[in-house]
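Residue indices begin at 1 and follow the sequence shown.
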Amino acid sequence: YMKVFGASYFRYILEFIIIITGVVLSFYLDDLRQLNEKESYKDTLIEELLITSEEDLKQIEKITYDLNQVQVFIKQLLSDLEDKQKNISDAEVAEKYLFITQKMSVSFFPQNGTFNQLISTGSIELIDSKEFRRVLLNNYTHYFARNSANNRTLDDLYLAFGANIDPKITVSSIEEEEDASFIYSDQVVSSYDIDHEFYLSNTFKAYLLTAQSMVGKNIDMLEIFSKSYSEIIALANKEIS
């Protein structure tokens with residue numbers, strides 16, 4: 001009897017262990033499957049991040065090129081104002097002023113949708129590289145906030161130019177390319193009216209100096225972004241390789 005009882009007890013214990021092991025293994029395999037799916041989704045998001053980062057870099061290069069040209073034109077106008085004499089033609093003033101006002105406040109808007117998905121799905125926690133996570137967080141939080149503040153300031157300056165300078169230095173324009181986006185398209189002068197006394201005033205000079213300073217800060221911010229995106233691209237390629 002004791003032998004039969006012992007055998008039955010042992011069989012029950014064995015069956016219990018097999019059942020528990022099966023359940024635990026099932027949970028483990030399910031967790032492993034989910035982890036693999038999350039890893040695969042994370043890699044997909046990083047591949048998308050690579051594409052948008054390269055697009056953002058191109059956008060930065062275009063805006064930076066235009067902002068550097070803005071600085072050149074501001075410098076030329078300020079140089080003309082030094083001797084309190086107007087030495088360049090109204091047509092040239094109109095062309096330079098139009099370019100300055102149209103391009104000085106063009107903003108860079110990072111494509112942050114993929115980063116937001118990395119955060120909302122918890123995929124960022126699956127990124128192996130701590131350095132990659134740090135660079136991503138800096139780019140899309142700290143730098144993003146600083147860039148937004150710069151954009152607002154430049155927008156305010158653009159409005160101030162329109163309210164206080166445009167009535168005195170009035171330049172009408174048309175788009176050079178009819179199908180181009182207004183923000184990034186080039187404008188050409190169609191007509192102009194330059195108040196020479198205002199052009200030579202300290203008020204106009206002060207506005208130009210303010211624009212020079214603000215545009216310089218924006219160029220510096222874009223340089224920081226450019227380096228950051230280059231890091232993101234390099235680290236993203238390592239993460240999915």
Side-chain angles (χ1 to χ4, degrees), residues 31-72 99 102-158 177 179-186 211-241:
D31 287 345
L32 190 61
R33 179 186 58 79
Q34 291 183 31
L35 180 60
N36 287 334
E37 288 177 355
K38 288 180 180 178
E39 286 281 355
S40 177
Y41 184 60
K42 176 210 69 175
D43 289 344
T44 299
L45 289 177
I46 292 177
E47 287 170 359
E48 291 177 7
L49 191 69
L50 270 171
I51 295 171
T52 58
S53 295
E54 288 166 355
E55 290 174 349
D56 281 350
L57 263 181
K58 289 179 182 178
Q59 186 188 166
I60 289 170
E61 288 171 6
K62 165 62 177 169
I63 295 173
T64 301
Y65 177 85
D66 285 343
L67 291 181
N68 281 324
Q69 190 59 51
V70 166
Q71 293 293 65
V72 169
F99 191 91
Q102 291 299 318
K103 299 294 186 178
M104 70 178 184
S105 61
V106 172
S107 302
F108 167 57
F109 297 102
Q111 300 180 69
N112 61 345
T114 303
F115 172 76
N116 290 339
Q117 282 184 282
L118 281 168
I119 293 293
S120 63
T121 61
S123 299
I124 196 167
E125 301 300 328
L126 299 177
I127 294 176
D128 295 326
S129 170
K130 292 181 180 179
E131 178 66 9
F132 189 20
R133 292 199 297 270
R134 183 191 67 79
V135 172
L136 285 174
L137 288 168
N138 266 343
N139 191 85
Y140 292 103
T141 57
H142 179 55
Y143 298 158
F144 188 92
R146 286 176 59 186
N147 181 63
S148 296
N150 279 353
N151 290 345
R152 285 194 297 271
T153 303
L154 284 168
D155 286 343
D156 290 342
L157 183 61
Y158 174 79
E177 300 177 34
D179 61 342
S181 163
F182 174 77
I183 294 178
Y184 297 108
S185 64
D186 291 327
Q212 186 179 54
S213 175
M214 291 307 307
V215 169
K217 291 178 181 178
N218 200 24
I219 291 172
D220 291 344
M221 185 72 248
L222 291 177
E223 177 63 22
I224 291 171
F225 261 127
S226 181
K227 291 178 180 177
S228 179
Y229 276 111
S230 295
E231 285 186 88
I232 288 172
I233 290 169
L235 292 167
N237 279 315
K238 285 183 181 179
E239 183 71 24
I240 60 178
S241 62

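Summarising the geometry, atom CD belonging to Glu125 is positioned 10.5 Å from atom CG belonging to Leu118; distances are rounded to the nearest 0.5 Å. Here Asn139 contributes atom CG and Lys227 contributes atom NZ; the two are 14.0 Å apart, rounded to the nearest 0.5 Å. Note that CZ of Arg146 and CG of Asn218 are 11.0 Å apart. Values are rounded to the nearest 0.5 Å. From Leu137, atom CG reaches atom CZ of Phe115 across 5.0 Å, with rounding to the nearest 0.5 Å. Rounded to the nearest 0.5 angstrom, Ile127 CD1 and Ile124 CD1 are separated by 5.0 Å. Note that CG of Asp128 is 5.0 Å distant from NZ of Lys42, once rounded to the nearest 0.5 Å.
Here the closest heavy-atom approach between residue Ser107 and residue Gln59 is recorded as O-OE1, 3.9 Å. Nearest heavy atoms, Ser105 versus Asp155: O-OD1, 4.0 Å. Considering every non-hydrogen atom in both Leu126 and Glu239, the closest pair reads O-OE2, 4.1 Å.
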Can I get a per-line list of side-chain donor-acceptor pairs under 3.5 Å for residues 45-53, giving both atom names and the distance, sequence neighbours left out?
from	atom 1	to	atom 2	distance (Å)
Thr52	OG1	Glu48	O	3.4
Thr52	OG1	Leu49	O	3.1
Ser53	OG	Leu49	O	2.7

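For Asn68, the side-chain contact (heavy atoms from CB on, under 4.5 Å) test picks out Thr64, Ile219, with sequence neighbours left out. In this structure, Phe132 has no ring-ring contact (aromatic ring centres under 6.0 Å, His included) partners at least two apart in sequence or on a different chain. In this structure Ser226 satisfies the side-chain contact (heavy atoms from CB on, under 4.5 Å) test together with Leu57, Ile60, sequence neighbours excluded. Under the side-chain contact (heavy atoms from CB on, under 4.5 Å) criterion, Lys217 pairs with Ser213, Met214, sequence neighbours left out. For Asn138, the side-chain contact (heavy atoms from CB on, under 4.5 Å) partners are Arg134, His142, Tyr143, not counting sequence neighbours. Residues that satisfy the side chain to side chain donor-acceptor pair (under 3.5 Å) test with Arg133, not counting sequence neighbours, are absent from this structure.
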Run the side chain to side chain contact (heavy atoms under 4.5 Å, CB included) check on Leu235 and Val135 step by step: do they pass?
-> CA-CA 9 Å; Leu235 292 167; Val135 172; 4.0 Å; yes
Determine, step by step, whether Leu67 and Phe108 satisfy the side chain to side chain contact (heavy atoms under 4.5 Å, CB included) criterion, reporting the C-alpha distance in whole Å, the side-chain angles of both residues, the deciding distance to 0.1 Å, and the verdict.
-> CA-CA 12 Å; Leu67 291 181; Phe108 167 57; over 6 Å; no
Should Asp156 and Arg152 be marked as a salt bridge (Lys or Arg N to Asp or Glu O under 4.0 Å) after you check the CA-CA gap, both sets of side-chain angles, and the distance that decides it?
-> CA-CA 6 Å; Asp156 290 342; Arg152 285 194 297 271; over 6 Å; no
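Under the side chain to side chain donor-acceptor pair (under 3.5 Å) criterion, the residue pairs touching residues 108-124 are Tyr41-Gln117, Glu55-Gln111, Asp56-Gln111, Thr121-Ser123, with sequence neighbours excluded.
Residues Asn150 and Thr153 form no side-chain contact, since every pair of their non-hydrogen atoms from C-beta on lies 4.5 Å or further apart. At a threshold of 4.5 Å between non-hydrogen side-chain atoms, the residues Ile232 and Tyr140 count as touching.
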